[in-house]
A.B. asks: 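Have a look at this one.
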Amino acid sequence: MVILKTPAEIDAMKEAGRLSAKALRVVGEAVRPGISTLELDALAEEVIRSEGGIPAFKGYGGFPGTICASVNEEVVHGIPSAKVILQPGDIISIDTGAIVDGWVGDNAQTFPVGKISPDKKRLLEVTEQSMWAGIGAARPGNHLGDIGFAIQSVAEAAGYSVVREYTGHGVGRDMHEEPSVFNFGRKHTGLELCEGMVLAIEPMVNMGKRKVRSMPDGWLVCTRDGKPSAHFEKTIAITADGPIVLTQE
């Protein structure tokens with residue numbers, strides 16, 4: 001069941017969105033060669049708790065971290081570790097979530113570690129563009145398939161592939177609500193979008209083929225061909241005037 005939010009509830013969600021966005025920004029600014037993903041995790045938790053928030057990921061389904069930290073060919077759900085030290089030329093996808101007054105904000109971004117290769121830079125640019133294309137399609141009267149079509153069209157036009165096993169989702173008092181928001185699809189298909197829906201739109205785009213594999217820890221997901229992947233995400237609300245981004249400072 002899709003839980004629609006009132007305008008007042010959407011306004012209330014903006015604080016969780018702001019704090020999640022701040023944590024993502026601060027952690028992104030700290031990304032550099034030589035830092036561990038566990039250090040980045042500690043920084044995110046400090047930012048969220050210092051403003052009275054609760055890390056949305058920590059303990060969720062048993063996940064041990066405040067952030068998901070996924071490097072290079074790692075797609076999503078990387079567990080922060082003191083053993084994972086960022087190297088020049090890496091890319092790292094960081095996903096942060098914060099709970100404020102019971103509401104969840106969820107967002108992600110892929111960051112360069114120092115100077116990165118032109119092909120990785122283009123992957124990041126195209127993945128972000130695909131996210132914005134999906135957000136632009138999140139309007140009353142459109143359908144979930146319009147969001148997926150917009151994302152898929154941008155990514156595949158650039159020669160990339162879209163991960164299909166993992167999706168965006170509804171957001172509210174739970175981090176994962178209905179509906180699932182696929183990053184591929186056909187126009188005018190799927191659930192009709194309406195005012196009050198709050199969605200996390202989050203394309204995961206691979207430089208190579210779309211196939212992924214789950215790792216033995218039960219969390220980390222990697223590309224099967226070992227080529228890099230990027231991940232961008234924002235929580236948005238659908239209003240009569242179109243989508244508004246809730247995860248912004």
Side-chain angles (χ1 to χ4, degrees), residues 24 28 31 33 37 68-78 84 86-95 106-139 142-169 179-190 193 199-215 219-236 243 245 247:
L24 185 61
V31 166
T37 57
C68 297
S70 309
V71 182
N72 294 328
E73 76 280 4
E74 299 174 354
V75 181
V76 285
H77 304 159
V84 179
L86 299 184
Q87 303 299 318
D90 285 343
I91 57 173
I92 178 170
S93 299
I94 296 171
D95 198 340
D106 186 10
N107 57 181
Q109 183 172 334
T110 303
F111 298 93
V113 183
K115 185 176 181 180
I116 60 174
S117 64
D119 58 344
K120 284 184 175 178
K121 183 172 184 290
R122 181 169 177 264
L123 175 66
L124 268 58
E125 291 171 348
V126 170
T127 305
E128 184 173 14
Q129 289 167 8
S130 75
M131 177 192 69
W132 285 113
I135 291 172
R139 297 178 176 276
N142 276 356
H143 294 254
L144 283 174
D146 292 300
I147 296 175
F149 178 83
I151 290 169
Q152 182 180 12
S153 297
V154 171
E156 292 184 352
Y160 302 137
S161 61
V162 174
V163 173
R164 299 195 175 201
E165 291 85 350
Y166 298 88
T167 71
H169 48 89
S180 295
V181 184
F182 289 89
N183 296 309
F184 63 96
R186 293 183 294 115
K187 287 183 175 180
H188 316 308
T189 63
L193 305 177
L199 307 173
I201 295 179
E202 51 173 323
M204 290 144 270
V205 176
N206 296 346
M207 189 179 290
K209 298 185 183 302
R210 68 175 179 86
K211 295 294 187 179
V212 298
R213 59 193 177 105
S214 297
M215 303 307 287
W219 287 102
L220 179 62
V221 177
C222 296
T223 59
R224 282 195 185 177
D225 60 13
K227 293 185 177 180
S229 183
H231 178 206
F232 282 75
E233 173 187 21
K234 291 190 184 294
T235 300
I236 64 101
V245 175
T247 45

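Worth saying up front: this structure is predicted, and the values here are computed from it rather than measured.
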A.B. asks: Are the side chain of Arg224 and the backbone of Lys209 linked by a donor-acceptor contact shorter than 3.5 Å?
C.D. replies: no
A.B. asks: Does any N or O in the side chain of Asp146 come within less than 3.5 Å of the main-chain N or O of Lys187, such that one atom is a donor and the other an acceptor?
C.D. replies: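 No; judged by distance alone, with no hydrogens or angles, the pair does not exist.
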A.B. asks: Just how far is it from atom CZ of Phe182 to atom CD of Glu165, taken to the nearest 0.5 Å?
C.D. replies: 10.5 Å
A.B. asks: Would the distance check show the side chain of Ser130 and the main-chain N or O of Val154 forming a donor-acceptor pair, the cut-off being under 3.5 Å?
C.D. replies: no
A.B. asks: Spell out, as yes or no, whether a donor-acceptor pair under 3.5 Å connects the side chain of Ser229 to the backbone of Val205.
C.D. replies: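 Judged by distance alone, yes, a pair lies under 3.5 Å.
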A.B. asks: Contact between Ile92 and Val71 at the side-chain level, heavy atoms closer than 4.5 Å - yes or no?
C.D. replies: yes
A.B. asks: May I ask you to test the Leu123-Asp119 pair for a side-chain heavy-atom distance under 4.5 Å?
C.D. replies: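 They are not in contact (no side-chain heavy atoms under 4.5 Å apart), so the answer is no.
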A.B. asks: Determine, step by step, whether Arg210 and Phe184 satisfy the side chain to side chain contact (heavy atoms under 4.5 Å, CB included) criterion, reporting the C-alpha distance in whole Å, the side-chain angles of both residues, the deciding distance to 0.1 Å, and the verdict.
C.D. replies: CA-CA 12 Å; Arg210 68 175 179 86; Phe184 63 96; over 6 Å; no
A.B. asks: Can you tell me how far NE2 of His231 sits from CD1 of Ile91, rounded to the nearest 0.5 angstrom?
C.D. replies: 12.5 Å
A.B. asks: How about Cys222 and Glu74: do any of their side-chain heavy atoms sit closer than 4.5 Å?
C.D. replies: yes
A.B. asks: Asn206 and Lys211: side-chain donor and acceptor closer than 3.5 Å?
C.D. replies: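 There is no such pair between these side chains.
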A.B. asks: Which value, rounded to the nearest 0.5 Å, describes the distance between Ile135 atom CD1 and Thr235 atom OG1?
C.D. replies: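 Result: 9.5 Å between the selected atoms.
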A.B. asks: Under a 3.5 Å distance rule, please check whether Asn183 uses its side chain to pair with a backbone N or O of Glu202 as donor and acceptor.
C.D. replies: yes
A.B. asks: Any side-chain heavy atom of Ile94 sitting closer than 4.5 Å to one from Leu24?
C.D. replies: yes
A.B. asks: Compare all side-chain heavy atoms of Val126 with those of Phe232 and state whether any distance is below 4.5 angstrom.
C.D. replies: no
A.B. asks: If you compare all heavy atoms of Pro33 against all heavy atoms of Val113, which two are closest, and at what distance to 0.1 Å?
C.D. replies: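 Smallest interatomic distance, heavy atoms only, reads N-CG1, 3.6 Å.
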A.B. asks: Answer yes or no: is there a donor N or O on one side and an acceptor on the other, between the side chain of Asp95 and the main chain of Cys68, under 3.5 Å?
C.D. replies: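 Not confirmed, Asp95 side chain does not pair with Cys68 backbone.
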A.B. asks: To the nearest 0.5 Å, tell me how far Ser93 OG sits from Phe111 CZ.
C.D. replies: 9.0 Å
A.B. asks: Quick check: closest heavy atoms across Ser161 and Gly208, and the distance to 0.1 Å?
C.D. replies: OG-O, 2.6 Å
A.B. asks: Decide side chain to side chain contact (heavy atoms under 4.5 Å, CB included) for Asn107 and Val245; before the verdict, give the C-alpha distance in whole Å, the side-chain angles of both, and the deciding distance to 0.1 Å.
C.D. replies: CA-CA 10 Å; Asn107 57 181; Val245 175; over 6 Å; no
A.B. asks: Closest approach of Ala138 and Ile201, non-hydrogen atoms and distance?
C.D. replies: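 Shortest heavy-atom separation between Ala138 and Ile201 comes out as CB-CD1, 4.2 Å.
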A.B. asks: Identify the residue among Arg122, Gln152, Lys227 that makes a side-chain hydrogen bond (donor to acceptor under 3.5 Å, both in side chains) with Tyr160.
C.D. replies: Arg122
A.B. asks: Report the distance from atom CE of Met131 to atom CD of Gln129, rounding to the nearest 0.5 Å.
C.D. replies: 10.5 Å
A.B. asks: Would you mind reporting whether Arg139 and Pro243 have side-chain heavy atoms less than 4.5 Å apart?
C.D. replies: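 The answer is yes, as the side chains (C-beta and beyond) meet within the 4.5 Å cut-off.
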A.B. asks: Which pair of heavy atoms, one from Thr127 and one from Ala230, lies closest together, and at what distance?
C.D. replies: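 Distance-wise, the nearest heavy atoms are OG1-CB, 3.5 Å.
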A.B. asks: Ignoring hydrogens and geometry, is there a side-chain-to-backbone donor-acceptor pair from Thr247 to Lys234 under 3.5 Å?
C.D. replies: no
A.B. asks: Does Lys120 use its side chain to pair, donor to acceptor, with the backbone of Gly89 at less than 3.5 Å?
C.D. replies: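 Confirmed, Lys120 side chain pairs with Gly89 backbone.
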A.B. asks: Determine the sole option in Val76, Val212, Thr110 for which the side chain to side chain contact (heavy atoms under 4.5 Å, CB included) test with Met204 is passed.
C.D. replies: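 In the set Val76, Val212, Thr110, the residue that makes a side chain to side chain contact (heavy atoms under 4.5 Å, CB included) with Met204 is Val76.
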A.B. asks: Taking the side chain as everything from C-beta on, heavy atoms only, tell me whether Val221 gets closer than 4.5 Å to Tyr166.
C.D. replies: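 Yes, at least one pair of side-chain atoms sits under 4.5 Å.
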A.B. asks: Measure the CG-CD distance between Asp90 and Glu73 for me, rounded to the nearest 0.5 Å.
C.D. replies: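 Those atoms lie 9.0 Å apart.
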A.B. asks: Could you pull out the closest heavy-atom pair between Leu199 and Leu193, with the gap in Å?
C.D. replies: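 Between these two residues, the closest heavy atoms are CD1-CD2, 4.5 Å.
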A.B. asks: What heavy-atom pair brings Ala150 and Ala137 nearest, and what distance separates the two atoms?
C.D. replies: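 Taking every non-hydrogen atom into account, CB-CB, 4.3 Å.
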